[in-house]
Protein chains: 2
Amino acid sequence: MPETTRRADRLPGNRYGNRPTMKDVAARAGVGLKTVSRVVNGEPGVTPDTERRVQEAIDALGFRRNDSARVLRKGRTASIGLVLEDLADPFYGPLSRAVEEVARAHGALLINGSSAEDPEREQELALALCARRVDGLVVIPAGDDHRYLEPEIRAGVATVFVDRPAGRIDADVVLSDNYGGARDGVAHLIGHGHRRIGFIGDMPRIHTAAERLRGYRAAMEDAGIAVDEHWMSLGATSPERVRRAAEEMLSGPDPVTAIFAGNNRVTVTVVRVLAERSRPVAFVGFDDFELADLLQPGVTVVAQDSAALGRTAAERLFRQLDGSLLAPERIELPTRLITRGSGELPPAD
Amino acid sequence: MPETTRRADRLPGNRYGNRPTMKDVAARAGVGLKTVSRVVNGEPGVTPDTERRVQEAIDALGFRRNDSARVLRKGRTASIGLVLEDLADPFYGPLSRAVEEVARAHGALLINGSSAEDPEREQELALALCARRVDGLVVIPAGDDHRYLEPEIRAGVATVFVDRPAGRIDADVVLSDNYGGARDGVAHLIGHGHRRIGFIGDMPRIHTAAERLRGYRAAMEDAGIAVDEHWMSLGATSPERVRRAAEEMLSGPDPVTAIFAGNNRVTVTVVRVLAERSRPVAFVGFDDFELADLLQPGVTVVAQDSAALGRTAAERLFRQLDGSLLAPERIELPTRLITRGSGELPPAD
DNA sequence: TAGAGCCTGGACAACGTTGTCAGATGCGAG
DNA sequence: CTCGCATCTGACAACGTTGTCCAGGCTCTA
């Protein structure tokens, strides 16, 4: 069977046949294969004249080195994987970008995928990335059992978990101080005279949600306030449920005078609900968002630095790859309370 | 030299030696190499008993197929590249996510990188992705000359440009109807009685900016309004310059009564400036943003569907790969005017 | 001018996988 | 009991690159 036919067969859809290889370049330049490799990689030991001939052949053929083959030979892929929850979530944009910048500084490419908050999909993705032999993995956990990564880590895949801790496995973790941030935020409301404070957050099986709830409880306890179970809504993620939860807290005989929101999605909905009410209700949300200062009143938030999370994680990952890192560590980055008005409203009763 | 030493040498930083290969699995299971391959790929022709033995060996060794090698052999990588401007920009999150979803549906991974609006970096990134032998490339152009991709496209890399057209090269392009959207937006202001309307946009060398400017001029001309050059600010990208531009338009003897913003970054700043003013100024912005409805007044925008852009582009890319696509095409997706209040304010004079 | 040493270039194997093909094995039929 | 056939298995080459190593030619010195 003629060479061309066989190749075309193997690559259906390639409209214009195949790519030239170093062998083709070598043949055209009238030199050996390895000489082409040397030119391409800028290795010494090639006369200027030979180099020119090779370069001409490369340009003429439109040759580009096949990094897959290179990777196979060299063992390192110079790429890292990022498994996150949802690229469309504004919280992850800066995080992802920060990881990419660090990767770029280390000459690595970033391969990423969204788990859509599905543990199975997270695993599938992470393992697919390992099969691609990424040098390292930054994972924002969706699931709570990461033992499936053990063989990979043993095999040398640098791994860092971000935003939420790894499950049942000892690994590097970079987190925001969710507990402290929530406690500060709620304490801020208490400081402005509130005692009946609502908490609307995600399911407590999500680590960040649980920690923020813990912060809420701690702040209340510190102030000697007994928490009424009706003040808390856990696991209300959809806008509809958040709305209902907020409205319930705000009605009834003993309505809350302030609300603390456990994450940015909840915040968006709660802010909507509050905007519709005539009586002002104090509000503090976890996570900052754009234009929070332009709303009336400005929205007071506990801000995490998502870019710093990404940067810290990626840097740690490359330090693992350097071999300069030994024991896994848990790093907590501080949050920042940004006052803009909504959190400083006095109780309305 | 013993095997282990040689290998450890080749892969510095791998803390725990090397990954098992099919050969290792074969040895452990007492079968041939190809039999392992068959089991891993679910090919027929393996007795249940053999399969079980192989599977046990795989589990025991923690083997995972090396997709790099597989790619080398098979010719297709099942990965596509996405070159965008900035992952942290909220406009690109949903776009990126949409591309990823389509890729996933086709069993492909997504490798992405940010060009940071730098043509050189765009090229560097795109070519690095080609060297990885991605099957296809979705590019949001930063530069205006993409001839550097010609050899790649000839070699069979499916390529689609999004958001901005390709430069000096014939390729698939998926765009928003920037011209029509801007024209509609400005016509909307004119329809509410405005005649002195300001335009603040990006540098006209950026295609989207130029098109939107063209839409502005067209709407004004359709209404028989002569545009004063002082009403236009082109190339004001930094918040400071946008602010100054807006303030200049709003002061002086003949201030504008309405402003049209050419993109979301401009919008954010202009909205800030307008919020500080007592006299209401009508406003329409290109690009939607979260919570636009919560501001006072709600912000009227010309919305693009960034997810649809990504989805359309990715689908087109995979159709190229199917071979079912022939001539490059230019697709324009419609925009949508969303009225929320700011664009319906009457002129203040 | 011969020998030593350096510089350049190329042959070859290896990376881990898959496709091809032929050999081995077992079974039933003649 | 042997042959034929179907089924299962494995040896081998190839994918495109890089590392090793050696050969040949050159220069420089004695």
Can you tell which of [options] lies closest to the side chain of [X]?
X     : options                : answer
A:T35 : C:dG9, C:dT17, D:dT9   : C:dG9
A:T21 : C:dT17, D:dT18, D:dT17 : D:dT17
A:R73 : D:dG10, C:dG16, D:dT17 : D:dT17

Rounded off to whole Å, could you give me the [atom1]-to-[atom2] distance for the [X] and [N] pair?
X      : N      : atom1 : atom2 : value
B:E43  : D:dC8  : CD    : P     : 14 Å
A:M22  : C:dA14 : CE    : P     : 20 Å
B:L72  : D:dT18 : CG    : C1'   : 13 Å
B:I58  : C:dG16 : CD1   : C1'   : 14 Å
B:D67  : C:dT18 : CG    : C1'   : 12 Å
A:R70  : C:dC15 : CZ    : C1'   : 14 Å
A:R132 : C:dT17 : CZ    : C1'   : 14 Å
B:R38  : C:dC21 : CZ    : P     : 14 Å

Check whether any side-chain nitrogen or oxygen of [X] sits under 4.0 Å from OP1 or OP2 of [N], and answer yes or no.
X     : N      : value
B:K74 : C:dG19 : yes
B:N41 : C:dT18 : yes
A:T47 : C:dG9  : yes
B:S37 : C:dG19 : no

task = Report the C-alpha distance between A:H146 and A:Q123 in whole Å, list the side-chain angles of each, state the deciding distance to 0.1 Å, and finish with yes or no for side-chain hydrogen bond (donor to acceptor under 3.5 Å, both in side chains).
result = CA-CA 8 Å; A:H146 296 89; A:Q123 172 168 350; over 6 Å; no

inquiry  = Please compare B:V46 and B:R133 by the position of their nearest nucleotide in DNA chain D and report the one closer to 5'.
reply    =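 It is B:V46 whose nearest nucleotide is closer to the 5' end.
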
Counting the atoms with a prime plus P, OP1 and OP2 as sugar-phosphate, which does [X] contact under 4.0 Å by heavy atoms, base, sugar-phosphate, or nothing?
X     : result
A:V31 : sugar-phosphate
A:T50 : sugar-phosphate
A:V71 : nothing
A:G45 : sugar-phosphate

message = Restricting to non-hydrogen atoms, name the atom on A:S114 and the atom on A:D86 that form the minimum distance, rounded to 0.1 Å.
response = OG-CA, 3.9 Å

Classify the side chain of [X] versus the base of [N] as yes if they form a donor-acceptor pair under 3.5 Å and no if they do not.
X     : N      : result
B:R65 : C:dG16 : no
B:K34 : C:dG19 : yes
B:R19 : C:dG16 : no

key: Interatomic spacing from CD1 in B:I111 to OG in B:S79 - rounded to 0.5 Å   = 4.5 Å

note = To the nearest 0.5 Å, atom CG of A:L137 lies from atom CD of A:E152 at 8.5 Å

query = Any salt bridge between A:D49 and A:R53, counting N to O under 4.0 Å?
reply = yes

request  = In plain terms, say whether B:E51 and B:R38 are close enough for a salt bridge, that is, a side-chain N and a carboxylate O under 4.0 Å apart.
outcome  =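 Not counted as a salt bridge, because no side-chain N and carboxylate O are separated by less than 4.0 Å.
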
